[in-house]
Amino acid sequence: MIAQGECGGHPVVYLDNAATTQCPRPVLWALENYWLEQHANVHRGVYCRSSQATMAMEETRQHTAEFLGAASAREIVFTHGTTDGLNLLASAFGDAVLRPGDLVLATEMEHNSNLLPWLEVCRRSGAVVELVPVTDAGELDQEALDRLLEQKPKLLTLCAVSNVLGTVNPLKDIIPRAHAAGTAVAVDAAQALRHGLPAVTDLDCDFLCFSGHKLMGPTGIGVLYGKEEWLERFGPACFGGGMVKELDWPDVTYEEIPGRFEAGTPNLSGIAGLGAALEYLQAVGRKRIAAYEGELLRYAAEKLRAIPGIRVLGDPARRAGVLSLDLPPLSAYDAAMLLDKKGFALRSGRQCADLLHRRLGLSGSLRLSPAFYNTREELDALCQALEEILSVSRRAGIPVGESHG
Ligand code: PMP
């Protein structure tokens, strides 16, 4: 187990990996090494440490391109995380492409980070956002998607894996249909990269965003991947040092991609940590991780379904990473609080997926998301704890606590 420590006298069982994963030692060592041996600004100094820092950053860019299966490191923009990447993309795409009356498609299962930037940018440009509905099983309604594609949207933005239901969207099937309609595709891969996403060149998505902290890396670092031909069309969305080629006031020429999108000092320690995290995942084996985590999830789903009073939300054909539960009359909030007292760390609430919870008719849910450092024994202990909590709450006649959401 990587997460250590105690909470309320209980060893912590950390099952909130969809929110943030724990950092393994090699990532911590890389961070320590960065701060002790490498800390200096990039792109600015001719001295040794600065050029070493620049080289280290560009090496991680190259490794990230390889990790994603991108054609070139020029397609990798460092961001602060998925939210930041999606905001950058929405702003750049909005400026370059969207005009009044244009259509952008998102889906009803998106995280707010993949809805609000598009809502705002469409408001500003006069474009319209429509949502692909979700079926009762928790999958995207493919017929509705095809009908919406007939309107030739400029962009379809969707998650690879839902952060609530764990639904794995059939991207290899969806992306060619979108392209045939002349629609670009952006993938929110925040929940996907530990679960066997194909190379971006194979997926043929136009854009993809992810966060380092959901991949064993530190917080505050993420990536926006964009096909070179797209990034070349975009102007910068943030302005300042590091992205200017020439300033002959008031005329200005901006750097080539990807530097054009990275104004200011990058999160260099974050980049060092991300590089170490990607290396760590490669060394442990991405297929091995995906297989083990998939097995843990199936095991958990089977055990949880057998507990009276627990409903596992959704029944998608493929699920990865997360399971969300409804346990009426206990609210998700109360369940998470009671579990915390026994040492279990689980997420509760709307999980930044307000639209999906509205579709499910719920004000919140309880989410567990195991990672490869979790075990079957921990899941057994969780199920036992849940059974105890449900039986106590039944005896005490605890009312529905929906107001907690
Ligand atoms: N999209 C999805 C599907 C997510 O699960 C998350 C994180 N919960 C995000 C976007 C936002 O990620 P971050 O907070 O790292 O920017």
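Counting starts at 1 for both ligands and their atoms, following the listed order.
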**Q.** Stepwise ring pair (Phe, Tyr, Trp, His ring centres under 6.0 Å) check, Tyr225 with Phe210
**A.** CA-CA 9 Å; Tyr225 156 83; Phe210 75 91; over 10 Å; no
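No heavy atom of His80 sits closer than 4.0 Å to any atom of ligand 1. Not close to ligand 1: Glu110, with no non-hydrogen atom less than 4.0 angstrom away.
Regarding atom 5 (O) of ligand 1, its nearest protein heavy-atom neighbour is Gln191 NE2, 2.7 Å. Considering only non-hydrogen protein atoms, atom 8 (N) of ligand 1 sits nearest to Lys214 NZ, 2.9 Å. The shortest contact between atom 4 (C) of ligand 1 and any protein heavy atom is with His111 CD2, 3.4 Å. Protein heavy atom nearest atom 1 (N) of ligand 1, with residue, atom name and distance: Asp188 OD2, 2.6 Å. The single protein non-hydrogen atom nearest to atom 11 (C) of ligand 1 is Thr83 OG1, 3.4 Å, given as residue, atom name and distance.
Ring-plane geometry between Phe93 and Trp230 is classed as tilted, the angle between the planes lying from 30 to 60 degrees on a 0 to 90 degree scale.
Polar contact with ligand 1: absent for Ser113 (N/O pair, distance under 3.5 Å).
A donor-acceptor pair under 3.5 Å links the side-chain atoms of Thr82 to the main chain of Ser211, judged by distance alone.
Ligand-side atoms of ligand 1 in range of Ser211: 12 (O), 13 (P), 15 (O), 16 (O), range being under 4.0 angstrom from any heavy atom. Of all atoms in ligand 1, numbered sequentially from 1 with element shown, those under 4.0 Å from a heavy atom of His213 are 13 (P), 15 (O).
Looking only at side-chain heavy atoms (C-beta outward), Glu255 and Val244 stay at 4.5 Å or farther from each other. Considering only heavy atoms from C-beta on, Phe261 stays 4.5 Å or farther from Leu89 through its side chain. A heavy-atom distance below 4.5 Å is found between the side chains of Asn17 and Arg194. Side-chain atoms of Gln142 and Pro170, non-hydrogen and from C-beta on, do get closer than 4.5 Å to each other.
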